[in-house]
Amino acid sequence: MATFANSSFDTAIYATSRPTYPRSLFDFIFRYHERSEGARWDRAVDLGCGTGQATVELTPFKRVTGVDPSSKMIEVAQGTLKNTPENTGQYEYIQANAESLTFLEDSSVDLVIAAQACHWFDWNKMWPELARVLRKNGSAAFWIYSEFRFTRYPSLTQNINAYSQGIDPLNSVAPYWQQPGRSILENHLVEVPDGNEVVPGAFTDFERVFFTAGDHYPSLPSPHSVILHKKMTWDDLLSYLNTWSSLHTFRQHNPTDAENPRGDVAMRFWKDLKEGAEREDGRAVEGRDEVDIEWPVAMIMVKRA
């Protein structure tokens with residue numbers, strides 16, 4: 001994703017402001033993997049690893065490799081690893097594209113994951129590469145989280161959608177998402193083809209899983225309860241909003257927006273949300289006050305035949 005490679009992109013804020021994946025999500029993946037008779041736990045690979053947030057959760061595997069096309073992300077991940085006292089050499093990070101894993105031998109990987117990255121993949125290339133590197137009965141799990149929402153303030157969802165997906169060129173970042181990746185994410189990966197449509201007979205046990213229970217996405221089948229939550233301050237929420245790639249592109253195209261007396265487009269959106277919460281609570285909301293945020297998650301799981 002091009003924005004994350006820009007020199008102006010703050011990877012440190014990105015690493016601290018994004019939601020943290022719960023252990024229950026990884027346990028869900030590990031249970032899927034161990035369903036195969038003779039499942040192995042030797043090698044795992046995290047594609048589009050960013051700063052390594054999901055990579056370090058692959059603890060059952062003897063060797064874990066994080067892969068990202070951005071040198072900045074890899075630099076941060078490697079720096080974090082060096083500063084970890086218990087570092088045992090289990091983890092490594094390599095700069096590469098997900099669709100071209102030339103450093104991996106054929107049939108050498110037991111699990112491949114991608115967290116908040118697979119909507120950028122070229123699946124006509126990704127599925128063949130996955131078929132090449134996975135061992136027989138090896139597993140893959142790719143997931144994204146879509147638009148955040150307030151657990152206590154469902155009425156503010158319309159404000160969030162207007163900012164993220166609206167048509168107002170001065171108050172929405174929607175035109176500045178990189179496509180088609182963003183649309184694939186917003187549609188919860190339903191456009192990602194079954195691997196066997198690209199490489200016939202290469203995969204088995206293909207599943208789509210949606211942790212989206214609620215009224216927001218009624219068309220998605222058999223939804224599980226939402227599992228991605230984060231309690232953050234309102235100031236933390238503003239930091240999270242500032243990690244959006246669409247916002248960085250918006251600022252490049254609208255340099256005078258920051259001169260608005262209410263602040264730039266992200267600040268105005270944040271203030272509108274805060275004012276909405278104040279109306280519902282009947283009291284002032286401070287930046288240090290905490291708020292509960294949740295994200296719907298969509299996942300694709302598959303095994304090598």
Side-chain angles (χ1 to χ4, degrees), residues 10-30 46 49-59 76-77 80 83-84 113 115-117 143-165 173 185-186 188 209-217 220 223-247 263 265-299:
D10 194 323
T11 52
I13 292 178
Y14 176 92
T16 58
S17 300
R18 290 288 175 126
T20 302
Y21 304 115
R23 191 64 196 178
S24 58
L25 185 148
F26 293 96
D27 290 340
F28 185 85
I29 295 169
F30 298 155
D46 177 12
C49 68
T51 58
Q53 182 190 91
T55 316
V56 297
E57 297 294 335
L58 301 177
T59 51
V76 172
T80 302
N83 293 327
T84 303
I113 70 164
Q116 199 67 356
W143 70 91
I144 56 89
Y145 54 86
S146 57
E147 212 61 83
F148 81 94
R149 56 200 191 196
F150 292 97
T151 306
R152 286 183 52 206
Y153 309 115
S155 65
L156 296 181
T157 299
Q158 61 184 354
N159 300 67
I160 297 168
N161 292 340
Y163 177 72
S164 178
Q165 305 172 24
V173 297
L185 179 148
E186 290 174 349
H188 299 94
V209 184
F210 303 103
F211 299 94
T212 57
D215 299 328
H216 296 276
Y217 304 105
L220 295 176
H224 297 248
S225 298
V226 174
I227 60 171
L228 187 55
H229 305 265
K230 187 172 185 177
K231 184 182 289 291
M232 59 173 69
T233 67
W234 281 90
D235 287 339
D236 291 337
L237 176 61
L238 180 59
S239 294
Y240 166 67
L241 296 176
N242 276 294
T243 68
W244 287 21
S245 60
S246 56
L247 175 61
V265 65
M267 178 64 75
R268 298 194 300 274
F269 172 52
W270 178 74
K271 288 180 176 178
D272 289 343
L273 293 176
K274 214 153 69 72
E275 290 166 4
E278 288 176 338
R279 286 193 298 271
E280 293 209 18
D281 287 348
R283 64 173 183 85
V285 173
E286 304 295 334
R288 65 179 178 274
D289 290 342
E290 290 187 328
V291 63
D292 293 314
I293 308 293
E294 61 185 38
W295 290 263
V297 171
M299 179 181 290

*Anything under 30° is parallel, anything over 60° is perpendicular, the rest tilted; go ahead and classify Trp244 against Tyr163.*
tilted
*Listed partners of Asp289 passing side-chain contact (heavy atoms from CB on, under 4.5 Å), at least two apart*: Trp234, Arg283, Val285, Glu286
*asked:* Suppose the criterion is salt bridge (charged side-chain N to carboxylate O under 4.0 Å, His left out): which pairs have a residue in residues 231-240, not counting sequence neighbours?
replied: Lys231-Asp292
*May I have the step-by-step check of side chain to side chain contact (heavy atoms under 4.5 Å, CB included) for Trp295 and Ile227, ending in yes or no?*
CA-CA 8 Å; Trp295 290 263; Ile227 60 171; over 6 Å; no
_Thr84 vs Val56, test: side chain to side chain contact (heavy atoms under 4.5 Å, CB included). Steps then yes/no._
CA-CA 11 Å; Thr84 303; Val56 297; over 6 Å; no
Side chains of residues 19-28: which donor-acceptor partners sit under 3.5 Å, not counting sequence neighbours?
from, atom 1, to, atom 2, distance (Å)
Arg23, NH1, Glu57, O, 2.9
Arg23, NH1, Glu57, OE1, 2.9
Arg23, NH2, Thr59, OG1, 3.1

_ring-ring contact (aromatic ring centres under 6.0 Å, His included) partners for Phe210, two or more places apart_ = none
*Would you mind listing every salt bridge (charged side-chain N to carboxylate O under 4.0 Å, His left out) that reaches into residues 152-163, with sequence neighbours excluded?*
Arg152-Asp281
*Any chance you could lay out the side chain to side chain contact (heavy atoms under 4.5 Å, CB included) test for Leu247 and Phe269, step after step, and finish with the verdict?*
CA-CA 12 Å; Leu247 175 61; Phe269 172 52; over 6 Å; no
_Parallel, tilted or perpendicular: rings of Phe211 and His224 (30°, 60°)_ = tilted
*Going by heavy atoms in the side chains, are Leu185 and Tyr145 under 4.5 Å from each other?*
no
*With sequence neighbours excluded, what pairs up with Gln158 under the side-chain contact (heavy atoms from CB on, under 4.5 Å) test?*
none
